[in-house]
Every structure is written in structure tokens, then in C-alpha cells.
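What follows is a set of notes on a single structure, which appears directly below.
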Amino acid sequence: MASASRTNQEYSALTIAATRIGFLILLLALWWLASINVARNIIPSPLATYHAAGRLFSEGRLQQGLLDSVTVYLSGYGIAILIAIPLGVAMGAFNLFGRTLEIYVYALSATPRVAFIPLIIVLLGLGIEAKVFIVMLGAVMPILINTYAGVRQADPELIEMARSVGAGRLRIFSRIVIPGAIPYVIVGLRLGATIGLINTVVAELYTAVSGLGGLLAIYGNTFRMAEYFVIVLCLAAIGVVVTESLRIIENRLGRWRD
Amino acid sequence: MASASRTNQEYSALTIAATRIGFLILLLALWWLASINVARNIIPSPLATYHAAGRLFSEGRLQQGLLDSVTVYLSGYGIAILIAIPLGVAMGAFNLFGRTLEIYVYALSATPRVAFIPLIIVLLGLGIEAKVFIVMLGAVMPILINTYAGVRQADPELIEMARSVGAGRLRIFSRIVIPGAIPYVIVGLRLGATIGLINTVVAELYTAVSGLGGLLAIYGNTFRMAEYFVIVLCLAAIGVVVTESLRIIENRLGRWRD
Amino acid sequence: SGTANAQSDEPFRLIVTHLEVPLVPNSVMDLAVELGYFEREGVDVELVRVQQTPSALAALQSGEGDMANVGIDALLQVINSGATDFRAVTSPNKSLPFLIASREEIATPQDLVGASFGVGRVGSLDHSLSTLVLASMDVDIEDTELVNLGQPNVRAQALAAGQIDATTMSIGTWAELPDTTGLHVLIDQDAYYEAAPVVNKVNAVPGNVLEDRPEDVEAVIRALVKISRDFAADPQLWVDAMSDALPQTDVAVLEMLADAFAESWSVNGGMSAAELSYTSDWLYATPDFSEIAPLELQDWVDFGPLDAVLAELGTEDAMDPADR
Amino acid sequence: MTPLAAGTPIEHAGTANTAARAPQLVFDHVNKAFGRSDGSSALALADVSLSIDDHKFVAVIGPSGCGKTTLLRIANGLIAPDSGTVSVKGRPPVPGPDTGFVFQGFRLIPWATVLGNVEFALETLDLSASERRDRANTYLELVGLTRWATSYPGQLSGGMKQRVALARALAGEPQMLLMDEPFASLDAQTRELMQIELLHIWNRRKPTVLFVTHSVDEALLLADTVVLMSTGRILEVIDVPLARPRQLDAARSDQDFITLRNHLWNRIRDLVLTDPASAFFGRELNQ
Amino acid sequence: MTPLAAGTPIEHAGTANTAARAPQLVFDHVNKAFGRSDGSSALALADVSLSIDDHKFVAVIGPSGCGKTTLLRIANGLIAPDSGTVSVKGRPPVPGPDTGFVFQGFRLIPWATVLGNVEFALETLDLSASERRDRANTYLELVGLTRWATSYPGQLSGGMKQRVALARALAGEPQMLLMDEPFASLDAQTRELMQIELLHIWNRRKPTVLFVTHSVDEALLLADTVVLMSTGRILEVIDVPLARPRQLDAARSDQDFITLRNHLWNRIRDLVLTDPASAFFGRELNQ
Ligand SMILES: Nc1ncnc2c1ncn2[C@@H]1O[C@H](COP(=O)(O)OP(=O)(O)OP(=O)(O)O)[C@@H](O)[C@H]1O
Ligand SMILES: Nc1ncnc2c1ncn2[C@@H]1O[C@H](COP(=O)(O)OP(=O)(O)OP(=O)(O)O)[C@@H](O)[C@H]1O
Ligand SMILES: [Mg+2]
Ligand SMILES: [Mg+2]
């Protein structure tokens with residue numbers, strides 16, 4: 001990949017895996033130290049957490065929670081992508097439209113999702129629709145704002161070239177502007193993935209309680225910190241899986257940089 | 001500004017202001033319609049909200065809440081910027097460092113801030129430190145991830161040029177890579193500003209209750225929806241002010257595109 | 001350490017889980033500040049407001065508070081999970097006045113069969129209480145469609161929005177609902193308490209506070225007992241204080257509530273050993289506690305400070321029992 | 001050879017039979033300025049009037065920064081003049097497949113392959129996918145890049161990139177070709193080959209060509225008419241009276257060629273060295 | 001004139017007094033391949049050996065894509081060879097202020113002004129801010145861009161950009177100049193002026209110059225030695241036996257010049273048209 005790293009080496013996947021594991025070990029050590037130094041069992045030890053994970057897994061609660069949450073999460077995230085990318089492109093494509101809408105987009109994205117929950121309950125109820133909507137509302141913003149910025153950042157020389165061969169607006173967007181905005185969109189998708197996940201938990205806490213968010217509430221309210229940590233780590237792992245899958249798309253679309 | 005909008009007109013500030021106000025009127029009309037059609041006063045009318053704003057203002061609660069929240073918000077956001085930009089640049093500069101850290105960054109940003117609150121309270125208490133930390137934790141991620149992406153996206157030809165004139169790593173970063181990453185950083189700052197604001201509310205709800213978040217909770221719990229809407233709109237307004245101020249920086253740094 | 005006056009150098013931070021003076025007897029804590037009761041007992045109380053019991057307990061653990069008003073279920077849990085030095089010392093509102101509200105179509109508890117019923121979550125205190133209350137009316141809560149809704153205000157909002165048919169809420173929440181057309185009280189707070197006579201909130205302190213600031217702890221308890229006695233003697237005092245604190249609240253509502261609370265003031269500190277034992281026994285039988293070894297009373301309650309206060313002020317036998 | 005005073009309307013200055021045919025491309029008192037960073041504005045085109053007949057091969061020469069590229073962009077309708085009018089066949093110019101543009105900076109799509117870059121220009125045409133591919137391959141063959149069809153622009157040398165840009169403009173087989181120093185990055189021999197291919201195409205399909213070059217020789221070898229520009233103005237419009245086919249070697253000894261070459265050479269030299277408006281005013285051409 | 005077989009080590013092929021001085025730049029059996037999109041790899045430099053003495057002016061010519069740019073990048077230490085060694089004054093090359101590079105694609109910093117772009121190259125030097133500014137202005141004056149000092153690259157024409165790149169490379173007053181078609185976008189007269197300025201500088205400070213050009217005439221006018229490349233190989237290294245100062249007009253009638261010119265011209269023509277490895281193998285040079 002073309003990158004600033006031309007100023008330094010590109011490392012092999014193996015080296016990177018090794019340093020990541022090294023860092024993981026460091027984190028585990030810090031965690032273990034914290035667990036024995038913070039009073040009143042607020043931080044469970046890694047081992048206790050590991051045992052708790054085993055328990056939750058064998059009870060099947062983890063799997064069920066995961067399944068519920070992932071369903072909500074991926075639906076909301078998917079819908080967010082389907083809305084945000086076309087809307088971001090349209091906002092970039094139609095300058096007046098974009099400039100008009102953008103402050104409302106910023107306004108909306110600065111408003112806590114929690115603030116809309118009463119309204120969402122009235123309109124969408126307590127079920128999966130409401131949850132998916134809350135996830136969507138969170139994930140849509142970074143994707144939209146990044147896509148919009150990427151589209152506005154398009155290379156005017158290439159656009160002029162495309163105009164000169166008679167490409168229409170649609171073709172200019174699909175062939176020049178959007179591919180050029182890909183790096184922005186990918187960052188947006190990354191951020192959307194993480195925020196979507198956070199909102200999954202929010203949705204599961206504030207509408208009908210379910211999934212990993214529900215487990216988080218149970219273990220948090222009953223101070224079962226080892227189980228609580230299992231859920232937190234589980235959420236972090238989902239975040240990593242999704243953001244790392246985006247790397248595949250990113251590498252595929254960025255082949256030309258090699 | 002150079003942008004995809006070369007394919008369409010750039011509009012004057014006046015036109016944009018006009019369409020924005022037009023859109024605002026449309027929103028107000030929709031809101032008014034919703035307020036009379038949704039049962040049980042869940043949506044207050046624009047007029048009731050306006051009166052509530054007047055009440056809150058004359059009682060001084062709005063100003064006090066605003067002051068508290070803005071203090072927390074700007075401190076957290078400022079610290080997030082100071083951490084995220086150098087760290088993002090360092091992650092882009094040192095490839096192995098970046099590649100090692102990135103999955104942990106994604107993991108952390110996918111974990112609900114709420115999940116860390118017990119820990120944060122134990123370590124930082126209920127006061128402003130804890131709140132600023134929570135805001136920072138939310139705002140840091142989009143800035144970091146965007147900066148990192150922007151740095152990795154740097155133009156390898158310009159970097160080679162800089163190397164050829166003998167520029168050291170520091171100068172390459174400060175003069176080529178970072179200026180090239182500015183559009184990414186700005187998007188990151190925008191998103192960070194909005195997420196930071198959301199986290200301000202979260203922080204004010206989950207540590208010692210204060211500021212606009214506290215007012216939101218009070219009015220939400222006691223179903224005073226007009227007051228509740230005032231606070232929501234107030235948050236949206238802060239979001240708009242901050243993201244629009246970023247435009248000034250953006251325009252200043254983007255002068256060369258004219 | 002020690003019991004010297006150095007105790008009062010720093011304010012005594014009392015953590016409460018309400019954001020405004022609440023429309024329940026718990027309001028004594030806020031009003032004691034407003035009306036100078038703490039001051040008169042020589043303790044500088046600073047109220048710290050948090051949203052929920054977990055935050056309150058986390059604050060207590062971090063030394064960010066000296067006393068916290070928390071749910072007994074949470075207190076037992078946190079002690080079990082390692083905070084073994086926490087003790088309940090008083091209860092300004094031994095039981096929150098809960099009721100079950102529902103849509104008007106649900107005319108009797110029996111109509112709840114097949115209807116949707118909102119709970120915090122399965123296993124939460126409100127769920128267990130509702131189970132107990134409905135059972136006393138010959139309704140098995142399992143026959144309703146349970147919806148886990150988390151926060152109390154979300155449950156109320158869901159009921160108001162018509163998304164659920166019934167739920168448990170405090171009388172204060174009910175009083176604050178802006179529009180209750182189409183809704184009614186299915187089981188009122190008296191019937192509710194009768195069916196589920198459990199203490200649900202206590203003021204807890206960590207061991208180091210008991211050790212370092214015993215006089216302050218006693219002063220706080222003394223102030224709370226005194227204000228509770230004054231309100232019990234003259235409900236109008238409470239109504240007046242509340243209308244000052246919450247000017248937008250309808251006085252008629254306050255008077256109605258004052259009536260309802262006639263028996264609810266903790267004039268003897270709200271710490272009946274029998275009731276507390278009953279409560280903990282009952283809690284240990286609920287699903288949330290299924291894996292937890294029960295605590296003895298002395299492992300989570302310290303009557304010492306309250307007994308010292310009652311020794312000084314005497315016990316009023318007509319009200320909450322002070323049995324040990 | 002028809003030297004004209006700068007700025008004179010020259011609608012009838014083209015070839016002899018202008019009256020019989022509608023001119024393909026007409027500039028009428030065109031002005032175009034660009035804002036400069038200090039707030040002033042630079043006049044890129046100043047009162048430019050020019051008329052180019054159908055099927056003509058017109059070379060544009062002039063010192064660096066005199067407005068050649070701007071002229072071509074306006075001729076294509078990519079930018080609008082500040083004042084004055086431009087028309088192509090009587091209508092305002094509209095960019096499209098009827099006009100091919102070889103940009104000075106190549107402007108290849110970095111994420112499209114070489115083949116994809118050429119095909120991109122053909123998508124407005126009424127061709128099936130396989131016809132499009134065949135056409136693109138034909139022109140890649142013409143510029144000698146068949147072997148690089150699947151490469152990305154980032155993997156090409158400067159000259160190879162320029163040839164892709166050339167293939168892209170030619171592949172549309174447009175009626176008008178706007179070429180901005182299209183051979184500047186090519187070695188002398190490849191350049192010669194490309195000149196020949198261009199003339200082949202021009203002979204066969206007779207597109208109108210507006211060809212910016214820095215080489216007086218190239219202009220005289222290829223063009224019917226040479227337009228000499230300086231600081232935004234058209235100074236001269238000169239018909240090249242050499243018979244076709246022309247060979248540079250042979251032409252070099254042709255008296256007309258020599259006269260014309262020296263005239264242009266001296267004119268530009270004067271513009272660069274002795275025009276007070278030139279950045280090089282007063283510079284010496286001696287070592 | 002010393003034609004050499006391709007790939008022969010030519011460490012002693014430079015000027016007569018090679019033995020007396022350490023050569024400035026030595027390539028020893030250098031290979032460099034780039035991966036291609038189809039998985040194969042293209043050999044950009046194949047077994048290149050070359051030795052360039054201090055203070056020499058060396059021109060590099062060869063067909064498009066033959067590896068000239070790659071040669072310069074390796075000489076500057078910007079990329080490393082796959083095998084073989086390169087050395088500058090006996091050490092591996094390190095990019096820095098001792099070497100100036102004029103890139104084929106200009107590579108201007110878009111957010112820096114023209115002046116800022118030139119100053120950027122001077123920051124490694126031990127100059128005060130005002131000395132740096134003076135130096136940058138001196139070289140902007142030399143390339144005729146004083147009036148554009150505060151403009152951004154996006155506001156310049158192609159030739160103006162190239163002159164900024166030129167000023168940037170010259171301003172460092174390096175001991176070695178690597179110039180990749182530095183005058184390709186300039187009109188003939190400005191080009192001539194720039195050639196003269198370059199020779200002035202070379203006469204005065206005698207940097208070693210590696211100068212890629214597509215013009216045989218330019219190579220012969222400027223260089224001590226001409227290196228002819230094709231498909232990654234060095235085919236010939238030829239000393240130019242013309243006395244300095246040289247004038248192109250005068251040189252054109254010099255017999256040595258004509259012979260050399262024709263030799264190079266024919267060699268490249270053969271490489272382009274009759275080498276089976278060429279993309280234009282079999283093409284005709286007739287209209
Ligand atoms: N980054 C790269 N990736 C892949 N291939 C490359 C790269 N750079 C150069 N090449 C290939 O190496 C060969 C030599 O390229 P180079 O740029 O050195 O040629 P050149 O002699 O400078 O040509 P030109 O005169 O056209 O600029 C070409 O075949 C080119 O395709
Ligand atoms: N986008 C722009 N913004 C500002 N000024 C511009 C812009 N484009 C061109 N100019 C200015 O207009 C003038 C003419 O530029 P143009 O590119 O047409 O020159 P040119 O004749 O093509 O030069 P060259 O031979 O160097 O390519 C120059 O002074 C240039 O600085
Ligand atoms: Mg130009
Ligand atoms: Mg090259």
C-alpha cells in the first residue's frame with residue numbers, strides 16, 4: 001500500500017502479528033497488576049475473567065447474547081451504510097443540498113442518541129426495529145460525514161478530464177469521485193462500525209433489554225465484574241473483527257496503489 | 001474550495017443561508033405537525049418549547065448548565081485533540097507501531113464508554129476529572145483514526161521529493177504528511193466534536209449529575225418534554241457552533257485550493 | 001483517625017440517586033439540607049447526585065462519597081463481590097411507595113394474563129417485587145409477556161407510549177406523568193406494600209468512614225430522624241418545603257402524597273432487624289441471588305450509630321419498629 | 001504567411017475557402033482572467049479572436065504561461081470565458097465524445113488500468129462492451145502499450161503515461177482534437193512515430209486539431225496554420241505554405257520552411273527576451 | 001566517441017584522466033525490477049554499470065520507459081537496487097542537499113507557495129531565514145518567476161511549474177544535479193535560456209550533472225558524455241568531442257556534431273523500430 005510508510009519499512013504480517021501479541025501480553029500484565037492493586041474486587045483478574053467466560057459460554061448465555069446483539073448490530077450498520085453513502089455522495093454532488101443539510105447533520109450527530117429514545121419508543125416500539133434504528137442513527141453519522149468530505153475532496157483535474165470525455169454527472173461520481181473518496185469512506189465505515197456497536201449496547205439498555213447490552217446491565221448491576229469484563233471484551237472483539245474485515249475491502253479497492 | 005462541486009456551481013453564502021433557513025422552517029413545520037399528532041404530549045409544540053426556553057433562561061438554569069457542560073466538553077475535546085493528533089501521526093509515521101496499536105484502538109473505540117464508568121469513577125471519582133476523561137475518551141477515537149488514515153494516505157511522490165532534498169522524518173511529517181492529512185484531520189475533528197458532546201452528556205449522567213446532561217435527565221425523568229427539548233436543541237446548537245468553527249480553520253488551511 | 005473534631009474539616013458527602021428532590025419520603029435528605037437540619041447537628045453535608053445505584057456504589061468504593069442511598073439488592077451484591085466493609089446504617093425511606101399502573105383496558109390484575117408487563121429486567125428488584133405482588137393477587141407473572149426495559153423512566157415512557165400494558169413505578173413517577181388519560185393505577189401503593197413488605201433502600205457507609213468519622217455518621221442519622229419526626233408530626237411542613245423546592249409541582253398532588261406517606265416516615269431510622277432479615281431472606285430467594293451465599297445481618301448492617309442516636313432521642317413506638 | 005496585429009478580429013484570416021464552409025471553432029473577443037493569491041488577477045486570455053475551419057490542423061505556440069492551455073480548455077467548454085463568446089459549429093462548446101483532449105498533466109485515473117483509462121473515454125459512445133475493448137486495444141497498440149494494458153498508471157514511466165493519455169483522446173475518434181503538448185515527454189523517435197500516427201489519423205478522418213507545442217519544427221511539420229501567442233494575446237496567425245506529405249529532413253532545406261522557422265523563432269525570442277512584460281526581459285542568450 | 005557493448009563494465013571509459021580522480025558516481029552491475037499487475041516483473045535496470053567522474057555533465061537518452069528515471073532515483077539513493085551496488089564518492093548514495101533532483105512530474109508541494117516550495121529545499125542547509133529567502137528569490141529570478149513567488153502551484157501553467165521545480169533543485173547549489181527531462185514543458189526560447197543558465201551554473205560551480213533528455217540536440221549541446229539506454233540497459237557511453245562554449249547554430253554545421261547526432265538518431269531509431277523488444281517493432285517512419 002502506498003503510504004507514509006514509504007518513509008519507513010513495511011513489515012510482514014508475521015512481524016505485525018508478533019508485536020500485536022507482545023502488546024497483548026503487556027496489556028494482560030497491566031490488567032493483572034491492576035486487578036490485584038485496586039481494592040474491593042472492582043477489577044477482576046484475567047484468570048477470573050477467563051473462568052467467567054467459560055461459565056457464560058457453557059451456559060449458552062454468551063452465544064445467545066452475541067446472536068441477539070450481532071443481529072441488531074449488523075442490521076443497523078448495514079442500513080446505515082445504505083443510507084449514509086448515497087446521501088453523502090448526494091450532498092457532495094449537489095453543492096447547495098450538501099451545504100444546506102450539513103449543519104443539520106452536525107446538529108443531529110451532536111445530540112445524544114439517548115435523547116431520542118422516548119420518541120423512538122413511541123414511533124418504533126421496544127422491539128428490534130427500535131434497536132436497529134438506534135444503531136443506524138449512531139453508525140450513519142461518521143459514514144455520512146466522511147463520505148461527504150471525501151466527495152468534496154475529489155481531484156478537480158480528474159473531474160475535468162471526465163467532463164471532457166463527455167461523462168455525465170452519474171459517471172463522474174461513480175467512476176471518479178466515489179473511487180477517489182474510498183479512503184475517506186473506509187475510515188467512516190470503521191468509525192461507524194465502532195459507534196454502531198456502542199449504540200447497540202445503548203439500544204439494548206434503553207429499549208427492551210436484550211443481548212450483550214442486557215448482560216452488561218445484569219452483571220454491572222449485580223457487581224459480577226468478571227462476567228462484566230467478559231462482555232466488554234466480547235464487544236471489543238466484535239469491533240476488531242468488523243474493522244479488520246474492512247481491511248480486506250480496503251486492500252482490494254487499493255490494489256492499484258501497490 | 002476545490003471540490004467535486006466543480007461539476008456544479010459554488011453558491012454564495014447568502015444563498016446557502018437562505019436555503020438553510022428554508023430547511024429550518026420545514027423542520028419546524030414538521031415538528032409542529034408531530035407535536036399535535038403524537039399522543040400524550042411526548043412531543044412538545046415549538047411554541048411550548050420556546051416558552052420553556054424562556055423560563056429556563058430566566059431561572060438561570062440553562063446558563064449554569066451550559067457553562068458546566070461547555071467547560072467539561074471543551075476541556076475533554078481539547079485534551080482529545082492534543083492526544084489524538086500526535087498519536088495518529090506517530091502511528092502513521094512508525095508503521096510497526098501503528099499496525100500494532102490499531103486493532104487495540106478499534107477495540108477500545110468499539111467498547112461502550114458506559115462500560116468503563118465504574119472503573120473511571122473508582123480511579124477519577126465523580127468530579128470534573130472523570131467527566132473530562134469520558135469526553136476525551138469519546139472524542140479521541142475519530143480524531144485518532146482519521147489522522148492515522150490521513151497520514152497513511154500521504155502522497156508518496158511528495159515524500160520522495162522531500163527525502164531527496166534531505167528533509168528528515170520530522171520535517172517530512174510536519175511539512176508534507178500532516179498538511180496532506182489535514183482534510184482527514186478536519187473530518188476527525190468534526191466527528192470528535194459531535195461525539196465529545198454526546199459523551200459530555202453521558203459523563204454528566206453517569207458520574208455526579210450536572211450540566212445539560214443533568215437537566216436532560218431531570219426533565220426526562222419528570223416528563224417535562226418542553227424543557228427536555230430545550231436542552232436537546234441546546235446541545236445541537238453547541239454541536240453546530242463547534243463544527244462550523246472548524247470550517248474557519250479548514251478554509252484557512254485550504255486557501256491554496258482556491 | 002479517632003473521633004476528634006477534625007472530622008468536620010471536610011464536608012460529609014452523601015450520595016443520592018435522584019436528580020431533584022423526589023416526590024417520595026427520600027426527600028428528607030434533600031430537605032434536611034434545605035431546612036438546615038444537618039447544619040444544626042453540626043455536620044456539613046454535601047449532596048452528590050448520581051443517576052443510579054451502581055454509580056453511587058462505585059463512588060463509595062473510590063472514596064468519592066461517605067454515605068450513599070442505595071438499593072439493598074445492590075448493597076448485598078457489592079458486599080458479596082468484595083466490598084465487605086460496607087454497612088447499612090439507616091434507611092430514610094425504608095420502602096419506596098411503588099404501584100402498578102396499567103392501561104385502562106386492564107381493569108383487574110387478572111386481565112394481565114397475556115398482556116405485556118414492563119420490568120427493569122428479569123431478576124431485577126422491581127421484577128421480583130412485581131412477582132410477589134401479582135402472586136398475592138393470584139396472577140403468575142410468567143403468564144404475562146415480560147418486557148425488559150431497564151430504567152424506570154423508560155418503563156413509564158413505554159407505558160405512556162402504549163408499547164406495554166402495565167408496569168411497576170414509584171408513586172412519584174406516576175404523579176409526574178404529564179398525561180395519564182387511558183391509564184390508571186391497577187394496584188396502589190398500600191396494596192403493593194402489603195403484598196411486598198420489603199425495605200428497598202438504605203444508607204450505606206464504607207468501613208473507613210465508620211471508623212474515621214463516627215460522629216459525622218451519627219449526626220447525619222440524627223438529622224434524618226429529626227426531620228422525619230417533624231414531617232410525620234406535621235405533613236404540611238413537608239408540603240411547604242416541597243413547594244419551595246419544586247415550585248412547578250401542583251400543591252394538590254403534594255397534599256395527596258403527604259397523606260399517602262403518613263406511615264412511611266422513618267422516625268426511628270427505618271432499621272427493623274426483622275424487616276431487614278425478611279428482606280434479605282426474600283432477596284436471596286430471587287433469581288439474581290441464586291448463586292450467592294447469604295450474608296448474616298451483621299455482615300451488612302451496623303445498628304451502632306442509629307442505636308446511639310435513638311438512645312439520645314428515644315424511640316417512637318407507634319411508627320417504624322426499632323427491633324434488633 | 002499572414003502576420004496579423006495582435007487582437008485584430010481574424011475571422012477571415014483562415015484558409016482561402018472560408019466563406020464556403022462554416023468555421024468549426026470561433027473565438028470572439030474572449031477574455032479570461034484567474035485570481036492570484038495577492039488578490040490581483042492574471043489575464044490568461046486577453047481579447048482573443050480566432051476562427052478555425054473544419055478539418056484544419058492548427059498549432060499553437062508561445063512562451064510558457066501565455067494562455068495556451070486556457071485556450072484549449074475554453075475551446076472544449078470546460079471553463080467559460082469571462083467575456084466574449086466561443087462557438088463550435090455555431091453553438092457554445094460542450095465537452096463530449098466529439099472532442100478529444102490530451103491534457104498537459106496526463107490526468108490518468110490512478111485506480112483504473114491502462115485499458116480502463118482508455119475505455120473510460122469510450123463509454124459515452126454507442127459501442128458494445130467488446131467493441132469498446134477492441135477499440136481501446138487498437139489505440140493502445142497504436143501508442144505501443146499493448147503489453148501494459150493491465151498495468152496501473154502508477155506503474156508507468158512518464159512517457160508511457162503520456163501515451164495512455166494520447167490513446168484515450170484518439171480512441172474516441174473525435175471530430176476535434178485538442179492536444180496540449182501531447183508529445184512533450186516522449187523521446188525523439190517515439191515522438192516522430194506518434195506524429196506520423198497522428199497525421200495518418202488526420203489524413204484519414206480529418207478532425208480539426210488544435211495542437212499546442214513548444215517545438216517550432218513540430219508546428220511547421222504538422223500544421224496548416226500556426227497561432228503565435230504571448231501573454232494572453234494572439235500575435236500572429238500564420239498559414240504554413242508547405243506541401244504535404246512533409247518530411248522534416250527535407251523541409252529543413254526548404255526555403256519557405258527556413259524563413260518561417262526563423263521568423264517564428266525570432267518572434268518568440270523577442271517576446272521572451274525583449275518584451276518588457278516578459279519575466280526574462282533583458283536576459284542574454286549567450287553562454 | 002567510444003561506443004561500448006551493452007553491459008560492459010565501463011569504469012575506465014570516462015574522460016582520459018579518470019585514474020587521477022575518484023569518480024563521483026559509480027553504478028556496479030545494478031539490477032532493479034518492478035512488480036507488474038499480472039504478477040510478472042519488469043526489469044527497469046538490467047546489469048547497469050556506469051562510472052561518472054566529478055564535475056562531468058552527462059546526458060542520458062533512450063526510448064520511453066527504458067529506465068532513465070529509475071537510474072536517477074537509484075543515483076540519489078531514493079530507491080535501492082535489487083542487486084549490484086551504487087556509490088557516490090565511494091559511499092552509498094544518501095539523499096540530501098548535496099544532490100538536487102528535478103523530477104519529471106515536478107512534485108511541487110500544493111499547499112506551499114512558489115517561494116515556499118523553493119525554500120523547502122534549502123531548509124537542510126545552514127542558512128538563516130533571510131539568507132534562505134534571498135537564495136530562493138535569486139533562483140526564482142533565474143527561472144523568471146519572481147512575480148509568482150506568492151502564488152500556489154495550482155495557479156501556475158505547466159511550464160511555470162517545471163521552472164519552480166528547476167529553481168528548487170538549483171537553489172540548493174548541490175554538488176550533483178539529477179535532472180529528469182527538466183525542460184520538457186518549456187517553450188523553445190525559455191528552454192534555451194534555461195540551458196544557458198544551467199551551463200553558467202555548471203561552469204561556475206562544476207556540479208556533476210546527470211541530465212535526462214529526449215532531445216539529441218540538447219544532449220550534444222550540453223553534455224560531456226552521452227549515455228544511451230534501452231530497455232534497462234546501457235548501450236553506449238559516448239564522449240562528446242565538441243569544444244565549449246557550444247552554440248547550437250554553429251554546432252549544426254560542425255562535422256563531429258553531425259556524425260554524432262546521426263549516429264545517436266539512427267541508434268535510437270533502430271531501438272524503437274527494429275528491436276524486437278520494442279513496442280513499435282516493425283512500425284514505419286513514413287507518413
Ligand atoms: N513504481 C513502479 N512500479 C512498477 N513499474 C515501474 C515503476 N516505476 C517504473 N516502472 C517501470 O520501470 C520501467 C522504467 O521506468 P522509468 O520511469 O525509469 O522509465 P523512463 O526511462 O524514465 O521513461 P520515460 O522517458 O517515459 O520517463 C518502465 O517499464 C516502467 O513501467
Ligand atoms: N487555475 C488557475 N488559477 C490561477 N491562475 C491560472 C490558473 N490556470 C492558469 N492560470 C494562469 O493563467 C496563465 C495562462 O496559463 P496557461 O496554463 O494557459 O499557460 P500555458 O500557455 O498553457 O503555459 P505552459 O506552456 O507553461 O503550459 C498563467 O499566467 C497561469 O498562471
Ligand atoms: Mg499549458
Ligand atoms: Mg522518466
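Values below: every heavy atom of this structure, side chains too, minus hydrogens, waters and symmetry copies. Letters A, B, ... are given to chains in the order of the sequence lines, protein chains preceding strands, and every chain is numbered from 1.
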Charged N-O contact under 4.0 Å between Asp217(E) and Arg261(E): yes
Closest-packed option against chain E by number of heavy-atom pairs under 4.5 Å, given Ser215(D), Ala44(D), Ser157(D): Ser157(D)
I need the residue from Val216(D), Val272(D), Leu186(D) with the largest number of non-hydrogen atom pairs under 4.5 Å to chain E. Leu186(D)
What part of Ser185(D) gets within 4.5 angstrom of chain E, counting heavy atoms only: side chain, backbone, both, or neither? both
Return the orientation label for the Phe57(E) and Trp202(E) ring planes: parallel under 30°, perpendicular over 60°, tilted otherwise. perpendicular
Which region of Arg191(D), side chain (C-beta onward) or backbone (N, CA, C, O), has a non-hydrogen atom less than 4.5 Å from a non-hydrogen atom of chain E, or is it both or neither? neither
Salt bridge check, Asp187(E) against Arg269(D): does any charged N sit closer than 4.0 Å to a carboxylate O? no
In Å and rounded to the nearest 0.5 Å, what is the CD1 to NZ distance from Ile79(E) to Lys32(E)? 5.0 Å
Quick one: which of Thr69(E), Val143(E), Thr146(E) has the most heavy-atom pairs under 4.5 Å with chain D, could you say? Val143(E)
Output yes when Arg168(E) and Glu119(E) qualify as a salt bridge under the 4.0 Å nitrogen-oxygen rule, no when they do not. no
Winner by heavy-atom pair count (cut-off under 4.5 Å) against chain D, out of Gln195(E), Lys161(E), Glu181(E): Glu181(E)
Please flag which part of Ser64(D) lies under 4.5 Å from any non-hydrogen atom of chain E: side chain, backbone, both or neither. both
Taking every non-hydrogen pair under 4.5 Å, which of Glu141(D), Lys68(D), Arg163(D), Gln162(D) racks up the most with chain E? Arg163(D)
Under 4.0 Å between a Lys/Arg side-chain N and an Asp/Glu carboxylate O for Arg244(D) and Asp224(D)? yes
Among Val227(D), Ile238(D), Val226(D), exactly one meets side-chain contact (heavy atoms from CB on, under 4.5 Å) together with Ile61(D). Which residue is that? Val226(D)
Glu197(E), part contacting chain D, at a heavy-atom distance under 4.5 Å: side chain
